[in-house]
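So you know, we letter chains A, B, ... as the sequences are listed, proteins then strands, and number each from 1.
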Amino acid sequence: MASRRRRVRSSRGVGAGATWREDTAVLQDRIAAAPGRCDRIGPGRARPDSEPPAGYVSRFPEERAMAELPKEYDAKSAASKWSQAWKSAGVYTADVNDERPAFSVVIPPPNVTGSLHMGHALNNTLQDVLVRYKRMDGFNTLWVPGTDHAGIATQWVVRRQLEAQGIDFRDLGREAFVEKVWTWKEEAGGTIVNQLKQLGVSCDWSRERFTLDPDLHQAVTEHFVRLYEEGLIYRGQRLINWDPLDQTALSDLEVEQDEGVKGELWSFAYPIREEDGGGEIVVATTRPETMLGDTAVAVHPDDPRYQHLIGKTLKHPFVDREIPIIADAILVDPEFGTGCVKVTPAHDPNDFEVGKRHSLPMINILTLDGKLNAEGGRFEGMDRFDARKAVKEAIAELGLDRGAKEHVLNIPRSQRSGAIVEPMLSTQWFVRMKPLAGPARSAVELGFTRFVPTQWENTYYAWLRDIRDWCISRQLWWGHRIPAWYAPDGSVYVARTFEAACEKAGRDDLVQDPDVLDTWFSSALWPFSVFGWPAKTEDLAKYYPTSVLVTGFDIIFFWVARMMFAGIHFTGNVPFSDVYIHALVRDQHGEKMSKTKGNVVDPLTVIDEWGADAFRFTLVAFAAQGRDVLWDPARVEGYSKFTNKIWNALKFAFMNAEGYDPNGPMEDGPYELWIRARTGAAVQRVRDAIDGYRFNEAASEIYNFVWGEYCDWYIELSKTALYDDNASRARKNAVQHALFSTMGAIVRLLHPIMPFLTEEIWSLLPGTEGFVATAPYPKAADYPVEAAVLTDVARLQQTITEVRRIRGEMGIARKVPLTLLVSDDGLYSSLYRHAAALRELAGAQLEQSADFPKLVAIAVVESKECAIPLEGVVDIAAEIARLEKTLVKVEKDVEQLDKRLSNKAFVERANPEIVADIRAKRDAATAKLNSLQASLKRLKGGT
RNA sequence: AGGCACGUAGCUCAGCGGGAGAGCACCGCCCUGACACGGCGGGGGUCGGCGGUUCAAAUCCGCCCGUGCCUACCA
């Protein structure tokens, strides 16, 4: 609630400001003016150097004065500005008539009661990365958002609110209560949706759905009725999981085990009837009160200790009941305890099976709120845990207590309420799962749906293999009412409407089943109910099956598997081609985040502090396949610096943009060719990473390219031309163009991860049109590669690094000018063209000379010696020390490489390319070694 | 009890058959005309242990030890 209010206020604040309305108007005009823009910017074509790229128009610098560029990137104002702009331009509204191939995703609908947590943030950020990428890459892209009505959770929220006002929800009555819930939903249900918007997700909000929407309700009814008609839904008395707090049945999945709880295994004696010879039989239990529902004691048929007792009868100490001693080989393990087991068919799953095998009476001893009922005799009306104590005391009074020992056990609890769940005999609705599980399984086996990472397929198979029938009725008021009606005689009529049921029954005094369906029963239909199924809508035809489902492993059973069988059963199609399973977000120490542990990180706080872009980038960078995300606050801070770095690079481009004419002549130098080729390589790596759902790799590729290549190298190299008064206009123009167009590629590449920053920059870049959100994603083919330039610049980089290392290791200040002497002709002529860069980046003046002075520092570039005269710069001992240090390393290298090459087996059997490669490395290392030794000798000889 | 992951630099994690990597942290030097939310350079790991396969293993296989999770559970 609080965050919702905050958001409303802030957007009003922005709306009242001077700029955003104007911006929006400009953007709208641009969009109107540029239809089909996506197809124009050169995918697959290399740009001739003499021509400006498509999409760049000449309106610079008049419209882009430097004064407009703020000193720092303001994440908050950019976020609200662009959210508004995207919304009013309808950027994320999919057009069903758009002929391009579809890429569609349905959101895992968060609970309508929910508020955004790290899991949501990760899940939706990853979806948004895929969706934005595909939208830019030319697909008719649709991301359907929505929320889930979350039966139990929502009912509780409103129930508690009423209780706070002193109202018992039961007194209100069903209709009034459900009305209250709807009111609550309208007022507060939008919280999580608004929070998602702060993340910057590009959902099509015009298609937002709620699992209780009328047409989705129709889908649920259809689902139920058809399965019933096909005999796949039945009503029956079964042992189910009962939550006495919420007073509803639960499915097996909604029960969690509290593991390793210390308790006791308590033993007591059942007296054997006098007629059967008297004596006693000792049984043990962790739930003493259940003895009130015992209808047998079982022993193993082959157990010699008890064989004579089989068929004899026991006298129940508290209730008027005689119970038989039976033989059951399945239930009883003669090695455990006394080898005798009390049997309570109505309150234990194994005992239930025994009860069926031996036709035992099944006596329910509990009321729906977990108290003892009339079957409890003198214990009637007691709470189950009070009764447990009372039974033990009463047994002791009778002298039948046979002691207790410590015992570690698991306690089943309701996932929602936390209450201890009781197995209870109850009449409920069930889905027969076996016939549905088969196709769901083979659809994955046959590859119609693929799990990423693949390992999750095993989990999926295992669950479907051992699947049990699904209890789908819930004793709640909030949810999809079961479409079943009862006649006064108890007969059942399942139909789509009351009228249809009446027609079937031939009477009109039918009463509808009071129960609602498991929330997941409606979630199972989500991938097609959102498109209007069972109606044959255009959306359904265009966007179903969806392309990918992105979700956490914790709901593979709850949701993924159920969508699979529902989708296959009703549409004949798998609901999605890919299922990308991401991990859980934990804290730095790998602990699951939980309120009780107090280690919860609130995504909204992170967004507030560092901005949505840095937050999203962090999540993506952490999202390695098959690994949990360990949240480290320091990383967000680090990535917020990344946004700053990009912003400053942009500033640099603008500061040096004087005279830039995108349509003017351009004369590319080697660095322009180099950065273009490197851009293409980065584009390919990023695309490959996203295509393979390797999100973290995509993030780090972009990061390394922007920081390590564009900023650290290209910007620095660009200065050689920009600061050169003798450089021609065409030369400078080419550099300016490379600065801007590479930045254009960077923001397009990065947009899926950092939508706001990139949109902001796109709007400032000269010549761009429309939104980056709909600009074409870069293609590697747009960036020509000249291999010679790559090796040439790599050589330069190596040389610069060598000089810098010598400076660093010898403590030579940056200001002290150095001379770099190169003797080798080839190396010299290669470096000669980069003399300016050597001066600018390494502070070294290039000279050719075969005659090195005595006092020099030696740098080896591609096995060729270069020398830096140190006369008057540094003392000789320091250089000797430095060279000796290097020598040790190189000696080790040579030794290792020689060792491998002297291994005949390696030379003969290894891949020849590898062997050649190792030889080359050995030769290079040897050359370096020789050179170092020679230098050392010279230096030492000189003293 | 079964199953699945994971154990790599102080921390968080990439790499998963050819000479050990990133970010942060750490140590030097530098307020160089985009950025000190910065630049340049550097130190640091017998890749959990033991065996095996291979010319070659952090990388594949087996066992063991630790950690986490999932499923099923003994009254």
Which residue lies more 5' along RNA chain B, comparing A/Asn458 with A/Lys885 via nearest heavy atoms
A/Asn458
Can you tell me if A/Arg805 touches the phosphate of B/rC40, counting only side-chain N or O atoms and a distance under 4.0 Å to OP1 or OP2?
no
Among B/rA75, B/rG39, B/rG19, which nucleotide has an atom closest to any side-chain atom of A/Arg900?
B/rG19
Taking 4.0 Å as the cut-off, does a side-chain nitrogen or oxygen of A/Lys719 come that near to OP1 or OP2 on B/rA34?
yes
Measure from the side-chain heavy atoms of A/Leu265 and tell me the nearest of B/rU54, B/rA75, B/rG42.
B/rA75
Nearest-angstrom distance, C1' atom, B/rC6 to B/rC40
37 Å
What is the distance from atom CZ of A/Arg805 to atom CD of A/Gln798, rounded to the nearest 0.5 Å?
9.0 Å
To the nearest angstrom, the CE-C1' distance between A/Met655 and B/rG33 comes to 7 Å
Base, sugar-phosphate, or nothing for A/Leu897, non-hydrogen atoms under 4.0 angstrom?
base
Which is true for A/Arg814 with a 4.0 Å heavy-atom rule: it touches a base, it touches only sugar-phosphate, or it touches nothing?
base
With the side chain defined as heavy atoms from C-beta on, A/Asn644 is closest, among B/rA34, B/rG18, B/rC37, to B/rC37
Aromatic ring pairing A/Phe617/A/Phe642, orientation class (parallel under 30°, perpendicular over 60°, tilted between)
tilted
Using a heavy-atom cut-off of 4.0 Å across all strands, would you classify A/Val343 as base, sugar-phosphate, or nothing?
nothing
Which is true for A/Asp466 with a 4.0 Å heavy-atom rule: it touches a base, it touches only sugar-phosphate, or it touches nothing?
nothing
Report yes or no: does A/Asp893 contribute a side-chain atom to a donor-acceptor pair with the main-chain N or O of A/Ala925 at less than 3.5 Å?
no
For A/Ala910, answer base if it contacts any base atom (sugar-phosphate contacts may also be present), sugar-phosphate if it contacts only those atoms, and nothing otherwise; contact means non-hydrogen atoms under 4.0 Å.
base
Heavy-atom donor-acceptor pair, A/Asn241 side chain to A/Val421 backbone, under 3.5 Å:
no
Pairing partner of B/rC47, by Watson-Crick or G-U wobble and under 3.5 Å for both distances, is none
Could you work out the separation of B/rC13 and B/rA75 based on their P atoms and round it to a whole Å?
37 Å
Under 4.0 Å between any heavy atoms, over every strand shown, what does A/Ile812 touch: base, sugar-phosphate, or nothing? Just pick one.
nothing
Roughly how far apart, to the nearest Å, are B/rC50 and B/rC65 at atom C1'?
10 Å
Say we look at B/rG42 and B/rG49: how far apart would their C1' atoms be, to the nearest angstrom?
33 Å
Does OP1 or OP2 of B/rC35 have a side-chain N or O of A/Tyr710 closer than 4.0 Å?
no
Of A/Val894 and A/Gln257, the one whose closest RNA chain B nucleotide lies more 5'
A/Val894
How many whole angstroms separate atom CD of A/Gln896 from atom P of B/rA56?
16 Å
Classify A/Asp893 by what it touches in the nucleic acid, base, sugar-phosphate, or nothing, heavy-atom distance under 4.0 Å.
base
Choose from B/rG23, B/rA75, B/rC40 the nucleotide whose nearest atom is closest to any side-chain atom of A/Thr286.
B/rA75
Check the distance between B/rG18's P and A/Arg919's CZ and give it to me in whole angstrom.
20 Å
Using whole Å, report how far OH of A/Tyr714 lies from C1' of B/rA34.
14 Å
Separation between the P atoms of B/rU12 and B/rG48, rounded to whole Å
15 Å
Between A/Glu879 and A/Arg882, is there a salt bridge with N-O shorter than 4.0 Å?
yes
Has the side chain of A/Lys645 got a donor or acceptor that lies under 3.5 Å from a partner of the other kind on the base of B/rC35?
yes
So A/Arg635, base contact, sugar-phosphate only, or nothing? Heavy-atom distance under 4.0 Å.
base
Geometric cation-pi criterion, A/Arg388 with A/Trp266: 6.0 Å, 45°:
no
Less than 4.0 angstrom from a charged side-chain N to a carboxylate O is my criterion; do A/Glu701 and A/Arg685 meet it?
yes
Check this for me, if you would: do A/Lys885 and A/Glu809 make a salt bridge, where the nitrogen-to-carboxylate-oxygen distance has to be below 4.0 angstrom?
no
Between B/rC31 and A/Lys815, is there an OP1 or OP2 to side-chain N/O distance shorter than 4.0 Å?
yes
Out of B/rG41, B/rG23, B/rG18, whichever nucleotide has its closest atom nearest the side chain of A/Tyr703:
B/rG23
Give none if B/rG33 has no partner; otherwise give the nucleotide forming a Watson-Crick or G-U wobble pair with it, both distances under 3.5 Å.
none
Given B/rA75, is OP1 or OP2 found less than 4.0 Å from the side-chain N or O atoms of A/His407?
yes
Indicate, with a heavy-atom threshold strictly under 4.0 Å, whether A/Asn903 touches base, sugar-phosphate, or nothing.
sugar-phosphate
The nucleotide from B/rA75, B/rC4, B/rU71 with an atom nearest the side chain of A/Gln455 is B/rC4
Which is true for A/Phe622 with a 4.0 Å heavy-atom rule: it touches a base, it touches only sugar-phosphate, or it touches nothing?
sugar-phosphate
Mind calculating the distance between CD1 (A/Ile800) and P (B/rU32) to the nearest angstrom?
19 Å
Expressed as a whole number of angstroms, how long is the span from A/Glu709:CD to B/rA34:P?
20 Å
Could you state the CG-P distance from A/Asn648 to B/rC35, rounded to the nearest angstrom?
6 Å
Distance check, C1' atoms only: B/rU46 and B/rU8, in whole angstrom units.
12 Å
To the nearest angstrom, how far is A/Trp707 atom CH2 from B/rC40 atom C1'?
14 Å
Paired to B/rC69 by Watson-Crick or G-U wobble criteria (both distances under 3.5 Å) is B/rG3
Is the base of B/rA34 touched by the side chain of A/Glu716 through a donor-acceptor pair closer than 3.5 angstrom?
yes
Hey, does A/Lys405 reach any base, or is it just sugar-phosphate, or nothing, if we go heavy atoms under 4.0 Å?
nothing
Under 4.0 Å, counting only non-hydrogen atoms across every strand here, what does A/Cys711 touch: a base, just sugar-phosphate, or nothing?
base
What is the nucleic acid contact for A/Thr801, judged by heavy atoms within less than 4.0 Å: base, sugar-phosphate only, or nothing?
sugar-phosphate
In whole angstrom, give me the gap between the C1' atoms of B/rG51 and B/rC26.
38 Å
Tell me what A/Arg468 touches on the nucleic acid: a base, only sugar-phosphate, or nothing, going by heavy atoms under 4.0 Å.
sugar-phosphate
May I ask you to say whether A/Arg922 pairs ionically with A/Asp898, meaning some side-chain N is under 4.0 Å from a carboxylate O?
yes
A/Asn648 and A/Lys651: CA distance, side-chain angles, deciding distance, side chain to side chain donor-acceptor pair (under 3.5 Å) verdict:
CA-CA 5 Å; A/Asn648 279 294; A/Lys651 262 167 60 184; 3.2 Å; yes
So which nucleotide does B/rG21 pair with, by the Watson-Crick or G-U wobble rule with both distances under 3.5 Å?
B/rC13
Pair partner, B/rG28 [Watson-Crick or wobble, under 3.5 Å]:
B/rC40
Write down the distance separating the P atoms in B/rA5 and B/rC60, rounded off to the nearest Å.
12 Å
